[in-house]
Amino acid sequence: MTTSTILERLQGLLRNTPPFDQLPAELMQEVLADLTLEYFEAGEVIIEQGSTAHKGLYVVESGMVRLMDLARQRLIDKCGEGDTFGAFGLIKGGAAPYEARAVAPTVCVRLRPERFLKLYEQNAAFATFFDREIKHYLTRQNVELDVTGARQLFSRRLRQLAYRRLVSCDPEALARDVARQMIRRGVSSVVVLRNGRLAGIVTGADLRRLVARRGSPETPVRRLMSTPVHTIKADASLFEAMMQMLIHGVHRLVVVDEQEHPVGVLTDRDIAHWRGQDPLATVNRIESITNEAELTNIREEIHDQLLRLQRQGATPEALGRLLSVMSDRIARRVIRLVERELRAREEELRVDLPWAWLRLGETGRQEMTLTTAQQNALVYADSEEANEKAEAWFGRLAEKVNGALEKCGFPASATIAREPQWRQSLHRWRQAIRYWILQATSEELAQALPFFDMRPLCGEDELMQVLWQEIEDALNVQALDRERNVLQILAHLALRQRPPLGPLGRWVTERSGPGKKRIDLDGRGIRLVVDAARVLALDLRYFQSTNTFDRLRAAAEAFSELESVLHNALEAYHYLTDVRLEHQLRQVEAGELPHDYLDPEALSRVQQKLLREAMEAVGALQQALAQRYGVTLT
């Protein structure tokens, strides 16, 4: 390659790379003299983390470079064509805060440190650009710190968190009865109220001391309680609560409202939990809660945990399943609490029949997001004698469970168990399955799609197994029908929408509605993969899991002719779900309502490139699906 050709390449790259594209022509010529072209093999380290030898500013001409904080095992950024890296060390000095490593064969242009610093000092626009880049990097560093501790301590108010709801007693209550109350309610302290006003607090330690000195279980708690009680307003921060505990040397505070009425109890273990955001601790708290109202704000905790784990490099598949597991725990606890309350208050309605609560759609596939609505169903065993009573009992159960889940932050949808068509006896469900597969119209099948993602949440798993067997039997029978091909109908439904790519790879954004001028990551990307994977799984009779990752892997193993397309689709699905989850977590962190609409023009060039490649893989999957099932793509 001649010298003039290399110079033309360098000049062409800089003309299209901010902030070099703003430099005057004469200054650009001076800059060209201080550039070198460097090649890096895949896996080669370009900048070593901790190094104090700053060799210059790098501009990626081709390939890709990963910036990684090895100490925290956290991805900082990925740099593609036209992206820069290395400015932080040049401006700030000291040790390089990240490792820069080529993840593919990469060509970079390196600008000598002296020239970079001269431009930085003498050109205001140039300096502003890289100051903004450094601020972005430091902001990301602070977000990481905020999520694991500082943000929780200083910005979250107690009223936003799921502290223990109030458990109280009268001063004359007997120690024996209060101990039983603590065990029944799963708490370590009881607030003592006199005429509705705070009088004291009695703890498990107080009761143990009574037993140790062989005191009478008939002792009134007014003789055991601690007073005065340390309180804190519900509008206070976790940091203020922590400081109060440290100053007064106490392990718990009574949370009060604006009128000084006690509303709950906060312990030092609660503060440690919220600072650490430990999913296991959250699960333990969920299991010990005795009132569904206490579950309301726990979903916010789960969202914060997801943000922390995502920043630490957890995969979207793992995060989606974690979110599903945590949400399952909440739903199971709600169901148990509601059932216990119904059995106590509406005994006359009660029936003793085997039943199961089923998760459907996103919740059934264990692919929940921050915007996932409830999708569930209920199946109960057949009984001619108690049929009407069963309908009344399970209808009441479903109504209260769906309502309680709404209060916990899981919005309702049209596909929930309180709706009669999603709450049926086993016999009627089997009839519905046969109808869907053997007779239903395309529109009716579209409404039934969430059912084919079912997963048991609680109750008798055997009932769901009967339903899957009915699906398999109906599919086998239908395969003999020369006039109807249900898999073709399902494939047609899976191809109703196309990825948002136009001619020459241009983005096709939404024309109206809430996503106007943006792309719908779910409806025009993620859901297309979900629907295709469902068709392939039903064709394969793969019922071990309804998770899309699992379905794609099973199909790739079974259908050798589709192996390459499915592996690419799997990678695309990983990327799209990761982008959506990060997009939603950022919205939640900013105090916005999460949604699936993304402005592609707000992404960097490398991000747009990766997103475009993912959407192309989705398009290839649709092409393969259309060819396999004889459907014409529109």
Side-chain angles (χ1 to χ4, degrees), residues 64 78 103-104 315-321 324 361-362 364-369 449-450 452-453 487-502 505 507-508 519-583 596 598 600 606-634:
M64 186 170 294
K78 287 184 179 179
V103 295
T315 66
E317 179 178 7
L319 291 172
R321 294 199 184 195
S324 294
E362 282 184 332
R365 299 190 306 270
Q366 292 187 294
E367 294 163 6
M368 292 184 66
T369 71
L449 289 179
F452 295 99
D453 300 332
L487 293 175
Q488 186 181 60
I489 297 172
L490 290 170
H492 177 76
L493 291 173
L495 301 174
R496 288 174 298 179
Q497 292 286 353
R498 298 282 286 143
L501 294 175
W507 296 111
V508 178
I519 60 172
D520 183 354
L521 280 174
D522 181 52
R524 302 289 296 276
I526 292 170
R527 202 184 309 161
L528 309 187
V529 182
V530 168
D531 290 343
R534 184 190 298 112
V535 178
L536 293 168
L538 291 174
D539 188 0
L540 185 59
R541 309 300 193 265
Y542 174 78
F543 304 133
Q544 289 89 331
S545 169
T546 58
N547 180 263
T548 300
F549 291 102
D550 292 339
R551 282 172 162 173
L552 289 172
R553 292 187 187 107
E557 187 175 338
F559 304 128
S560 58
E561 71 279 12
L562 300 179
E563 183 178 6
S564 176
V565 170
L566 291 171
H567 279 305
N568 290 340
L570 186 62
E571 289 184 13
Y573 191 66
H574 262 284
Y575 182 75
L576 292 173
T577 53
D578 196 16
V579 169
R580 175 172 68 175
L581 188 55
E582 182 173 4
H583 175 60
D596 295 320
L598 182 70
V606 67
Q607 289 172 323
Q608 287 199 47
K609 180 174 181 290
L610 292 171
L611 183 59
R612 188 173 284 108
E613 288 175 353
M615 291 299 185
E616 287 171 351
V618 174
L621 173 63
Q622 288 195 314
Q623 290 280 0
L625 198 74
Q627 185 175 354
R628 180 176 181 83
Y629 298 105
V631 178
T632 303
L633 276 174
T634 56

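Between L552 and V529 the shortest side-chain heavy-atom distance falls below 4.5 Å. Within the 4.5 Å cutoff, the side chain of P500 has heavy atoms near those of the M615 side chain. Counting heavy atoms from C-beta outward, D578 and Y573 have side chains that stay 4.5 Å or more apart. The closest side-chain heavy-atom distance from P499 to Q622 is below 4.5 Å.
Panel note: side chain R498, backbone R524; no donor-acceptor pair is recorded below 3.5 Å.
Put simply, CG on L562 and CG on N568 are 12.0 Å apart, with the number rounded to the nearest 0.5 Å. Separating the CD atom in Q623 from the CG atom in L633 is a distance of 5.0 Å, to the nearest 0.5 Å. To the nearest 0.5 Å, the span separating CD on E362 from OG1 on T548 amounts to 9.5 Å. Rounded to the nearest 0.5 Å, atoms CZ (R551) and CZ (R365) are 7.5 Å apart. With rounding to the nearest 0.5 Å, the separation of CG in L487 from NE2 in H492 is 14.5 Å. The CG atom of L521 lies 11.0 Å from the OG1 atom of T369; values are rounded to the nearest 0.5 Å.
In summary, the side chains of Q497 and R527 do not present any donor paired with an acceptor at a separation below 3.5 Å, with no hydrogens or angles considered.
In summary, of the residues considered (V535, L495, L536), a side-chain contact (heavy atoms from CB on, under 4.5 Å) with L490 occurs for V535 alone.
Heavy atoms of other residues, nucleotides or ligands lying less than 6.0 angstrom from CD of E557 number 12 at most. Counting non-hydrogen atoms of neighbouring residues, nucleotides and ligands closer than 6.0 angstrom, the CD atom of E613 exceeds 12 such neighbours.
Across all their heavy atoms, L566 and A555 have their closest contact at CD1-C, 3.5 Å. Annotation for L501 and E616: closest pair CD1-CG, 3.6 Å, computed over non-hydrogen atoms. Residues R496 and L449 come closest through the heavy atom pair NH2-CD1, 4.5 Å. For the residue pair W507 and R612, the shortest heavy atom distance occurs at NE1-NH2, 3.1 Å. A pairwise comparison of heavy atoms in L621 and A532 identifies CD2-CB, 3.7 Å as the closest pair. Closest of all the heavy-atom pairs between V631 and A491 is CG2-CB, 4.0 Å.
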Hey, mind stepping through V579 and L610 against side-chain contact (heavy atoms from CB on, under 4.5 Å) and telling me if it holds? CA-CA 10 Å; V579 169; L610 292 171; over 6 Å; no
Using side-chain contact (heavy atoms from CB on, under 4.5 Å), reason through L540 and F559 one step at a time and then give a plain yes or no. CA-CA 9 Å; L540 185 59; F559 304 128; 4.1 Å; yes
Walk me through it: do S324 and E367 pass the test side chain to side chain donor-acceptor pair (under 3.5 Å)? CA-CA 7 Å; S324 294; E367 294 163 6; over 6 Å; no
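T546 meets the side-chain hydrogen bond (donor to acceptor under 3.5 Å, both in side chains) test with no other residue; sequence neighbours excluded.
Every pair passing side-chain hydrogen bond (donor to acceptor under 3.5 Å, both in side chains) that includes a residue from residues 528-543 is listed here, sequence neighbours excluded: D453-R534, N476-R541, D531-R534, D539-R628, D539-Y629.
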